[in-house]
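Here is the structure we will look at.
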Amino acid sequence: SGIAGILRRDGRPIPEKWVNWLEHAIAQRGSDGAGKFQDTIEISTGTLEIVLLHQQMGVSDNAQPVVFEPEDGHMTSVVIDGPVACVPTSLPIAFPEDATFAAAWWDANSLQLHLIRGGSGQKPLYSLSLGEAGDGIVFCSVPTPLHAIARELELGNELPVSSVQQ
């Protein structure tokens, strides 16, 4: 399985080809279903856009992304590359201490995206800060689309893709 996503806070739309590159990359990591969460929120500096993607490997009753909409109206969405035991069923979100997983957790209340890894590193997660090219981040279980986005944005000769650590 695999996860990917983009958060942009600079008011510019997320290019559809970026989403396609991410979807294609994680499709190589599973063929048993895909899920997508997408939202647009008006903020003081314009528009914030978020996309979370999940590619399933193996049959599971836990469709992803998991979206929580509590009574206070502040939505939370999660995608996880890991065992079913890691998929949250309620808020607050907690992950098993001994599990190997990579996760992205979007909190619409704080407008924060959290990238989390646990375990021995068997679930890769790479990130690319959009930096001066636009406030935000791109992440993926596979580094290839991040390199393509960095090249398109002309972020320099040294591709600024990093691995998310535990």
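These numbers were taken from a predicted model, which means no experiment stands behind them. Just so you know, residue 1 is the first one in the sequence shown, and it goes up from there. As a basis for the values below, the full set of heavy atoms in this structure was taken, side chains included, without hydrogen atoms, waters or symmetry mates.
Applying the salt bridge (Lys or Arg N to Asp or Glu O under 4.0 Å) test to residues at least two apart or on different chains, the pairs with a partner in residues 74-103 are R29-D81, D81-K123.
Note that CZ of R151 and CD1 of I149 are 10.5 Å apart. Values are rounded to the nearest 0.5 Å. Remark: L48 CG to D135 CG distance equals 8.5 Å, nearest 0.5 Å.
Screening V67, D107, L113 against S77 for a side-chain contact (heavy atoms from CB on, under 4.5 Å) leaves a single residue, V67. The one candidate from E23, Q38, R8 that meets the side-chain contact (heavy atoms from CB on, under 4.5 Å) condition with V51 is Q38.
The shortest heavy-atom contact between R117 and L125 is CD-CB, 3.8 Å.
Ring centroid separation for the pair F95 and F101 comes in under the 6.0 Å cut-off.
Follow the hydrophobic side-chain contacts under 4.5 Å out from V142 and you never reach I6; the two are in separate clusters.
Judged by distance alone, with hydrogens and angles left aside, the side-chain atoms of R9 form a donor-acceptor pair with the main-chain N or O of L111 at under 3.5 Å. T76 places no side-chain N or O within donor-acceptor distance of the main-chain N or O of F68, the cut-off being under 3.5 Å.
Remark: D39 pairs with F37, I41, I50, M75 by the side chain to side chain contact (heavy atoms under 4.5 Å, CB included) rule, at least two apart or across chains.
With no hydrogens or angles considered, a side-chain donor-acceptor pair links W18 and E152 at under 3.5 Å.
Around NE2 of H114, the count of heavy atoms belonging to other residues, nucleotides or ligands within 6.0 Å exceeds 12.
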